[in-house]
2 protein chains.
Amino acid sequence: MASPDAAAVPERGSVGPSPAQARVITAALDLFARHGVGATSLGMIATELGVTKAAVYRQYKSRDEIVLAAAETELARLEAVVAAAELEPSREQARDRLLEGMVDLCVGGRRRVSTILSDPVVDGFFVEHDQFRDVMRRLRRIMVGEGAGPEGRVTSAMVIAATSGAVTHPFVQGLDDEVLRAQLLSLARRFLGLPT
Amino acid sequence: MASPDAAAVPERGSVGPSPAQARVITAALDLFARHGVGATSLGMIATELGVTKAAVYRQYKSRDEIVLAAAETELARLEAVVAAAELEPSREQARDRLLEGMVDLCVGGRRRVSTILSDPVVDGFFVEHDQFRDVMRRLRRIMVGEGAGPEGRVTSAMVIAATSGAVTHPFVQGLDDEVLRAQLLSLARRFLGLPT
DNA sequence: GTCTATAGTGCGATAGAC
DNA sequence: GTCTATCGCACTATAGAC
C-alpha cells in the first residue's frame, strides 16, 4: 500500500494512461469522430499533436494499442457513470442518475461515442473484454433489472444505441445542447416506461 | 422512350448500378460491416470478388465512388420502405408499415446498416445529399407527423438510431432473429406511444 | 471485362542521434 | 521525449495488352 500522502499525487502506475498518453488518446478520439476509426492513421494523430510519428510510437507500441486505449478511455467514462449510479440509495434514483450520465456523455461527446461504439474493430476488442462486459452487465442491471429476459436485453441495447446514435443524426443538427439533453433524457425515460 | 417490350429487360441506364456494379457494392457493404468503412480497401473488395483491382476500377473511378454508391444502395432500401408506407391508406397503417420495414432492414442487415449510418465520411456524403434529406424528411413525417418540433426531431432520430444500433449490441447476441424482430418492433411502438 | 505492370504516395514500424 | 532517416509494404490510381 502507498503512504497516506501519496494519495495527493495521482497514483497510476500499472493502470491508466500517463499524461503524454492521454494527449495521444484525446487527439485520437477527436480524429476518430471526424474521420472514423479505420480512416485515422498514426501520422494524422502525430500531426494533430504537432509531433512526428516516432514520438507517438514512444507512447504506444502499435496503432492497435492506441485504438484499444482510446476505446478503454471511453469505457472508463461510462464506468464512472455506472459506478456513480450504483451509489444511489434506491433503484429509481440509480436509474435516473444513470440516464443523466449517459445523456451527458453522448451530448458532450457528440460523434465520439457513437463512432467508437459502432466500429466493427472496436467491437471485436470489446467482445472478449472483461471490463466492458462487466460495465455493460452492471448498466443493464440498473436500467432494466436483474432477471430481465430478451425484452430487457433489447430494451437496454436500444436505449444505449438511441442515446449515442441520435446525437449525430441530421434531425438534431442545430438543436441547442440543453434542448437536446432534455429531450433525450425525457424520451429515454418514456421509453423505459418511467414517469416524465 | 423505350418500346413496350423493353420493360421486360430491366431498364436502367442513367440510374441504378449495373449488375457488375451491384456485385462490387454487395462485396463492399459486406466488408464495411466486418471491418468498417475506412478500414476497407479497394484491394480487399477485389479479393472478395476474386478479381484484381483494375477490374474494380472499371466499374467505379475511385474508392470514394464505391463508398458513395454503397451508401446510396442502403438509402435506396430505406426509400423503398418509406415509399411502401406512404401507400398505406391511414397514418396509423403507414407508421406500422414503416416500423416493420425499418426493423426488417436492420435485423436482416445486421451490422450493415449501423456501420454505414454511423461512419463520419458517409455522413459527410449524406449531409448535402438531396435524396437522403428527402427520404429522411418523408420518414419523419410518417413517424411523428408534419409539424413536430424538437421533440419530434429527437424522437425520430432516436428510433432510427435505436433500431439500427441495437442489433449489433452484445446484449442481443445469440438472440433468435424472430425474437429480436418482434422485440424491436414492440419496443419501438411503445417508444412512439403506440398501442402494443 | 479482365489481366499485368507500374507510378506515386502514404502507411506502420524501427534505428539511432540529441 | 523528440527528432531524422529509413525499411518494406499496401494503398489509390492509371496504362495498355488480351
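Values below: every heavy atom of this structure, side chains too, minus hydrogens, waters and symmetry copies. In what follows, every chain begins at residue 1, and chains take the letters A, B, ... in the order their sequences are listed.
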Task: Proximity to the side chain of B:R63 - top-ranked nucleotide from D:dA13, C:dC3, C:dC11 - done: D:dA13
TODO: Name the closest nucleotide to the B:A55 side chain, picking from D:dG1, C:dT2, C:dC11.
DONE: C:dT2
Open item on the list: Just the rounded figure in Å: distance from P of D:dT2 to OH of A:Y60.
Closed with: 13 Å
- [ ] Map A:V56 and B:G43 onto DNA chain D by nearest heavy atom, then report which one ends up closer to the 5' terminus.
- [x] A:V56
Task: Listed nucleotide nearest any side-chain atom of A:K53, set C:dG12, C:dT14, C:dT2 - done: C:dG12
- [ ] For A:Q21 and A:Q59, indicate whether the former's side chain and the latter's backbone hold a donor-acceptor pair under 3.5 Å.
- [x] yes
TODO: Measure the distance from OH on A:Y57 to C1' on C:dG16 and round it to the nearest whole Å.
DONE: 17 Å
Task: Candidates C:dG1, D:dT2, D:dT4 - which lies nearest the side chain of B:R58 - done: C:dG1
Open item on the list: So for atom CZ, which belongs to B:R141, do other residues, nucleotides or ligands contribute more than 12 heavy atoms lying within a distance under 6.0 Å?
Closed with: no
Task: Nucleotide of D:dA13, C:dC11, D:dT2 approaching A:Q59 most closely (side-chain heavy atoms) - done: D:dT2
Open item on the list: Please report the distance, rounded to the nearest Å, between CD1 in B:I66 and C1' in D:dC11.
Closed with: 13 Å
TODO: Return the value, rounded to whole Å, for the distance between atom CG of B:L42 and atom P of D:dA10.
DONE: 16 Å
Task: More than 12 heavy atoms from other groups under 6.0 Å of CZ on B:R133 - done: no
Task: Nearest-nucleotide pick for A:A54, side chain only, options being C:dG1, C:dA15, C:dA13 - done: C:dA15
Open item on the list: Expressed as a whole number of angstroms, how long is the span from B:M44:CE to D:dA13:P?
Closed with: 16 Å
- [ ] Over 60° means perpendicular and under 30° means parallel, so classify the ring planes of A:F126 and A:F132, tilted if in between.
- [x] parallel
Open item on the list: Between A:T40 and B:T52, which residue's closest nucleotide on DNA chain C lies nearer the 5′ terminus?
Closed with: B:T52
TODO: Mind telling me whether B:F171 and B:H169 have parallel, tilted or perpendicular rings, with 30° and 60° as the class edges?
DONE: tilted
Task: Interatomic distance, B:I45 CD1 vs D:dA10 P [rounded to whole Å] - done: 17 Å
